[in-house]
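Here's the structure we're looking at; comments come further down.
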Amino acid sequence: MTRRRSIPWIYRWSRPVIGAIAILGALITGYLTFEKLTGSQVLCKAGCDIVLSSPYAFLFGLPLSLFGCLAYISMAVLALTPLLMASDKGRGSLRVRTEDITWWLLLVGSVSMMVFSGYLMFILATQIKALCPYCIASAIFSLTLLIFTLKGRDWPELGQIFFVIIAAGMITLVGTLAVYANVNKPNTTMVGNVINRTTTYPEPPHGWEVKTVSGPAELALSDHLKKIGAKMYGAWWCPHCFDQKQLFGNEATKRLPYIECAEKGVNPNPDACVAAKVESFPTWIIRGKTYSGTQELKKLAEYSGYKGPSNFKYSMK
């Protein structure tokens with residue numbers, strides 16, 4: 001009687017583990033994406049806000065976490081799909097062929113995610129210099145996915161595996177460097193009267209420098225808002241707050257009834273922000289009503305009952 005060789009536990013459980021890690025990663029990045037798109041503040045006591053408002057946190061104008069969420073979902077689908085198929089173990093069965101194909105795709109995906117996460121960890125340590133637990137957790141997830149992908153199968157051709165790893169890693173690295181090639185270059189421009197956001201880093205306590213020039217209408221609206229007791233709540237690191245200031249221009253921004261909610265900002269007053277129940281930046285409170293997000297100046301004029309000159313110079317559209 002021949003004794004049947006036992007299958008290592010990692011071969012049996014690698015796909016469920018990969019799927020579970022990928023689902024957890026998708027939930028975290030999905031949460032970050034939701035908070036970013038809605039302008040809400042992420043639950044984090046470290047430097048998450050600085051990291052998530054940096055130019056590295058965006059790809060093609062969209063939150064980087066959105067692409068991370070899609071990557072994790074893809075990894076979960078690749079890992080779990082064969083487990084949901086009929087358990088026909090014949091060599092030519094659909095499940096066996098699906099397992100083989102998805103293993104190679106998992107290898108490419110995990111290598112690419114690991115290289116990209118490694119690059120972001122390098123940037124986090126050398127450029128942004130802030131701690132983001134979510135980013136670190138994502139990097140650990142990526143590394144774990146790669147480990148379980150490599151160890152979770154009896155790979156038949158080591159030379160081919162090595163080639164795939166090198167090719168996927170190099171393509172990912174070159175693509176990443178190309179995407180972020182101009183990230184450190186200032187990019188605040190005007191197209192007509194439309195403002196394009198900067199891609200430099202915000203520096204405490206002032207954040208980005210407001211370089212647009214205020215006109216008489218912007219100055220008059222700023223003075224009116226202050227006169228009626230309106231309040232703008234924001235943070236020095238908040239890109240949407242910077243957008244709002246750019247609409248007013250440098251001179252009018254200095255006259256705004258602005259409340260700084262972040263500790264490292266100029267004259268911070270976080271207690272006032274808590275008392276006002278501010279949940280996202282910027283938040284306007286005008287005549288007892290709350291308005292969240294960057295507001296066009298025509299809207300602020302409407303909300304506040306402003307009757308002065310309305311030939312505002314800038315727009316976000």
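Quick caveat: nothing in here was measured; it's all calculated off a predicted structure. Both backbone and side-chain heavy atoms feed into the values below; hydrogens, waters and symmetry mates do not. Note that the numbering runs from 1 along the sequence shown for the chain.
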| said: Using the rule that Ile, Leu, Val, Met, Phe, Trp and Tyr join whenever any side-chain heavy atoms are under 4.5 Å apart, tell me whether Val210 and Val266 fall into a single cluster. | reply: no
| Can any side-chain N or O of Ser14 pair as donor or acceptor with the backbone N or O of Gly152 at less than 3.5 Å? | yes
| Donor-acceptor under 3.5 Å (Arg287 side chain, Ser304 main chain) | yes
| request: Of all the heavy-atom pairs spanning Ser214 and Asn250, show the shortest one and how long it is. | output: OG-N, 3.6 Å
| field | Joint hydrophobic cluster, Leu225 plus Leu219, side-chain heavy atoms closer than 4.5 Å | value | no
| query | How far apart are the C-alpha atoms of Met121 and Leu124, what are their side-chain angles, what is the distance that settles it, and do they pass the side chain to side chain contact (heavy atoms under 4.5 Å, CB included) test? | reply | CA-CA 5 Å; Met121 288 299 99; Leu124 202 67; 3.9 Å; yes
| remark: Only residue of Lys245, Lys299, Gln246, His240 satisfying side-chain contact (heavy atoms from CB on, under 4.5 Å) with Thr294 is His240
| query | Which heavy atom in Ala79 sits nearest to a heavy atom in Ile18, and how many Å separate them? | reply | CB-CG2, 3.7 Å
| note | Test side-chain contact (heavy atoms from CB on, under 4.5 Å), reference Val115, set Leu173, Leu120, Thr176, output is Leu173
| task | Check the hydrophobic clustering (I, L, V, M, F, W, Y; side-chain heavy atoms under 4.5 Å; chains of links allowed) and say if Leu43 and Ile136 are grouped together. | result | yes
| field | Criterion side chain to side chain contact (heavy atoms under 4.5 Å, CB included) on Tyr180 and Tyr119, from CA distance to verdict | value | CA-CA 11 Å; Tyr180 288 125; Tyr119 174 80; 3.5 Å; yes
| message | Between Asp100 and Arg95, does any NZ, NE, NH1 or NH2 come within less than 4.0 Å of an OD or OE carboxylate oxygen? | response | no
| note | Smallest heavy-atom separation, Gly305 atom then His224 atom, equals C-NE2, 3.9 Å
| message | Rounded to the nearest 0.5 Å, what separates atom CG in Asp223 from atom CZ in Arg255? | response | 4.5 Å
| query | Has the side chain of Glu296 got a donor or acceptor atom that lies under 3.5 Å from a matching backbone atom of Ser315? | reply | no
| So, the side chain of Glu218 versus the backbone of Gly215: is there a donor-acceptor pair under 3.5 Å, distance only? | yes
| query | Taking the inter-plane angle between the rings of Phe141 and Tyr72 on a 0 to 90° scale, is it parallel (under 30°), tilted (30 to 60°) or perpendicular (over 60°)? | reply | perpendicular
| task | To the nearest 0.5 angstrom, please state how far the CE atom of Met85 sits from the CZ atom of Arg97. | result | 8.0 Å
| field | Nearest-0.5 Å distance, CG of residue Leu37 to CG of residue Leu62 | value | 7.5 Å
| field | Main-chain N/O of Tyr134 paired to Ser138 side chain as donor or acceptor, under 3.5 Å | value | no
| query | How many angstroms lie between CG in Asp243 and CH2 in Trp208, if you round to the nearest 0.5 Å? | reply | 8.0 Å
| field | Cluster companions of Ile23 among Ile, Leu, Val, Met, Phe, Trp, Tyr (side-chain spacing under 4.5 Å) | value | Leu27, Leu80, Leu83
| query | Would a 4.5 Å heavy-atom cut-off, applied to side chains only, mark Leu300 and Leu297 as touching? | reply | yes
| request: Quick one: closest heavy-atom pair of Lys298 and Ser310, and the distance? | output: CE-O, 4.5 Å
| Is the Phe67 ring parallel, tilted or perpendicular to the Phe60 ring (thresholds 30°, 60°)? | perpendicular
| task | Ignoring hydrogens and angles, tell me if any N or O in the side chain of Tyr314 forms a donor-acceptor pair with the backbone of Val213 under 3.5 Å. | result | yes
| message | Apply side chain to side chain contact (heavy atoms under 4.5 Å, CB included) to residues Ser142 and Leu146 and explain how you reach the verdict. | response | CA-CA 6 Å; Ser142 299; Leu146 178 58; over 6 Å; no
| field | Trp155, CH2: over 12 other non-hydrogen atoms inside 6.0 angstrom | value | yes
| message | Is the ring pair Phe148/Trp9 parallel, tilted or perpendicular, if the boundaries are 30 and 60 degrees? | response | perpendicular
| remark: Correct closest heavy-atom pair for Ala235 and Ala262 would be CB-CB, 3.9 Å
| request: Look only at the side chain of Ser110 and the backbone of Leu107, and say whether a donor-acceptor pair between them is shorter than 3.5 Å. | output: yes
| query | Do Thr29 and Ser65 have side-chain N/O donor and acceptor atoms under 3.5 Å apart? | reply | no
| said: I want to know whether Tyr233 and Phe281 have ring centres closer than 6.0 Å. | reply: no
| field | Neighbour count above 12 (heavy atom, 6.0 Å) for Phe163 CZ | value | no
| said: So does Gly249 get a backbone contact from the side chain of Glu251, meaning a donor-acceptor N/O pair under 3.5 Å? | reply: no
| message | With no hydrogens and no angle check, just 3.5 Å: does a side-chain donor-acceptor pair link Arg15 and Thr102? | response | yes
| Does some side-chain heavy atom of Met113 sit less than 4.5 Å from a side-chain heavy atom of Met75? | yes
| Heavy-atom side-chain contact between Leu256 and Lys226 under 4.5 Å | no
| query | With distance as the sole test, does Tyr306 use its side chain to make a donor-acceptor pair with the main-chain N or O of Pro309 at under 3.5 Å? | reply | yes
| request: Apply the side-chain contact (heavy atoms from CB on, under 4.5 Å) test between Val108 and each candidate in Val164, Ile165, Thr172; give the one that qualifies. | output: Val164
| Atom of Ala301, atom of Leu221 and distance for their closest heavy-atom approach | CA-CD1, 4.0 Å
| task | Kindly indicate whether the side chain of Asn269, heavy atoms from C-beta on, has any atom under 4.5 Å from the side chain of Cys261. | result | no
| query | Mind checking whether Phe162 and Ile147 sit in one hydrophobic cluster, side chains of I, L, V, M, F, W, Y counted as touching below 4.5 Å? | reply | no
| message | How long is the straight-line distance from OG1 of Thr149 back to CH2 of Trp104, given to the nearest 0.5 Å? | response | 12.0 Å
| message | Applying a strict under-4.5 Å side-chain criterion to I, L, V, M, F, W and Y, I'd like to know whether Leu84 and Val96 cluster together. | response | no
| message | For the CZ atom of Phe248 and the OH atom of Tyr258, what is their distance to the nearest 0.5 Å? | response | 13.0 Å
| request: Determine, stepwise, if the pair Cys241 / Met232 fulfils side chain to side chain contact (heavy atoms under 4.5 Å, CB included). | output: CA-CA 9 Å; Cys241 303; Met232 173 187 169; 4.3 Å; yes
| request: Evaluate the side-chain proximity of Trp236 to Glu260: yes if any heavy-atom separation is below 4.5 Å, no if none is. | output: yes
| query | Under 3.5 Å, is there a donor-acceptor pair between the Gln244 and Trp284 side chains? | reply | yes
